[in-house]
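Values below: all heavy atoms of this structure, side chains included; hydrogens, waters and symmetry mates excluded. The first residue in the sequence is number 1, and the count goes up from there.
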Amino acid sequence: MRIHRRLWVARFSGGTAALAVLFLTGCGGAVNVVSDGADDRLVLRGNDPVAYFSAGRPVPGRPDIKTEHRGLTYRFASEESRRQFITNPARYEPQFGGFCAQAMAYAVPVAVNAAADASSFKIIDGKLYLFDNARARLYFEMDQERNLKLAWHYWETEVQESNWRIQAWRRLLLRVPHYKTDSELAEDYQRRFGRKPD
């Protein structure tokens, strides 16, 4: 029986089938989405993607002003924001499927809370990057060019078409060679800037 693209399996027992369904949930593309009301693949937890650029902060979108793009739902604070998005969705989509850019440099897709404040996202070369928290952004910025290059490498080669939960567990157990813990990053920051990270 075929269950996903080139993955073929024989008959399952009841328990094995349940495990297979659990592990294969989300196959076909890593995207950080939530379910809210009628929207079961809601991006940015319902925040207006255009507002990150125009207002410089996350702004909650309205459930009655939305659009579908590539099977995902985006909400907007205004019809004007919706129009801007429809005109050029690639400009406003969050990079790395909406996962944390700092964690992506380690090939670990970490779901973020849609940048709860202005310190948890950054516009780089006209693209929206999200961070799990302000400290993740701070660590990313310590070597932004290298981290961005690593993040794009891992996104394209490991994460983008994966089941993101399995990918996260895999890379937390089998870490990339340059992996650093939060405490190691904090030490690097203190050595470089002579103070502890905020």
Using a 4.5 Å cut-off on heavy atoms from C-beta on, say whether the side chain of [Y] contacts that of [X].
X    : Y    : result
L172 : V108 : yes
D182 : R135 : no
L44  : L130 : yes
M142 : L185 : yes
Q95  : L128 : no
D36  : R75  : yes
R191 : D188 : yes
P109 : F96  : no

Would you say [X]'s side chain and [Y]'s backbone share a donor-acceptor pair under 3.5 angstrom?
X    : Y    : value
Q167 : A107 : yes
E93  : R91  : no
Q190 : E187 : no
H178 : L150 : no
N32  : G97  : no
D39  : S35  : no

Pi-cation contact, Y106 with R175 (under 6.0 Å, within 45°): no
Criterion side-chain hydrogen bond (donor to acceptor under 3.5 Å, both in side chains) on Y189 and R195, from CA distance to verdict: CA-CA 7 Å; Y189 185 91; R195 61 184 174 87; 3.0 Å; yes
side-chain hydrogen bond (donor to acceptor under 3.5 Å, both in side chains) assessment of S81 paired with D48: CA-CA 8 Å; S81 285; D48 181 338; 2.9 Å; yes
Exercise: do H153 and E158 side chains pair donor with acceptor under 3.5 Å: no
Test item: side-chain donor near acceptor, R82 and Y74, under 3.5 Å: no
Test log, rule ring-ring contact (aromatic ring centres under 6.0 Å, His included), inputs F121 and Y129: CA-CA 6 Å; F121 77 92; Y129 293 87; over 10 Å; no
Within 6.0 angstrom of E68 CD, more than 12 heavy atoms from elsewhere: yes
Other residues, nucleotides, ligands: >12 heavy atoms within 6.0 Å of K122 NZ: yes
Looking at [atom1] of [X] and [atom2] of [Y], how far apart are the two atoms once the value is rounded to the nearest 0.5 Å?
X    : Y    : atom1 : atom2 : answer
C100 : F131 : SG    : CZ    : 6.5 Å
Y154 : R171 : OH    : CZ    : 6.0 Å
Y92  : Y52  : OH    : OH    : 14.5 Å

SB check D64 R62 (cutoff 4.0 Å): yes
Salt bridge present between D132 and R137 (N-O < 4.0 angstrom): no
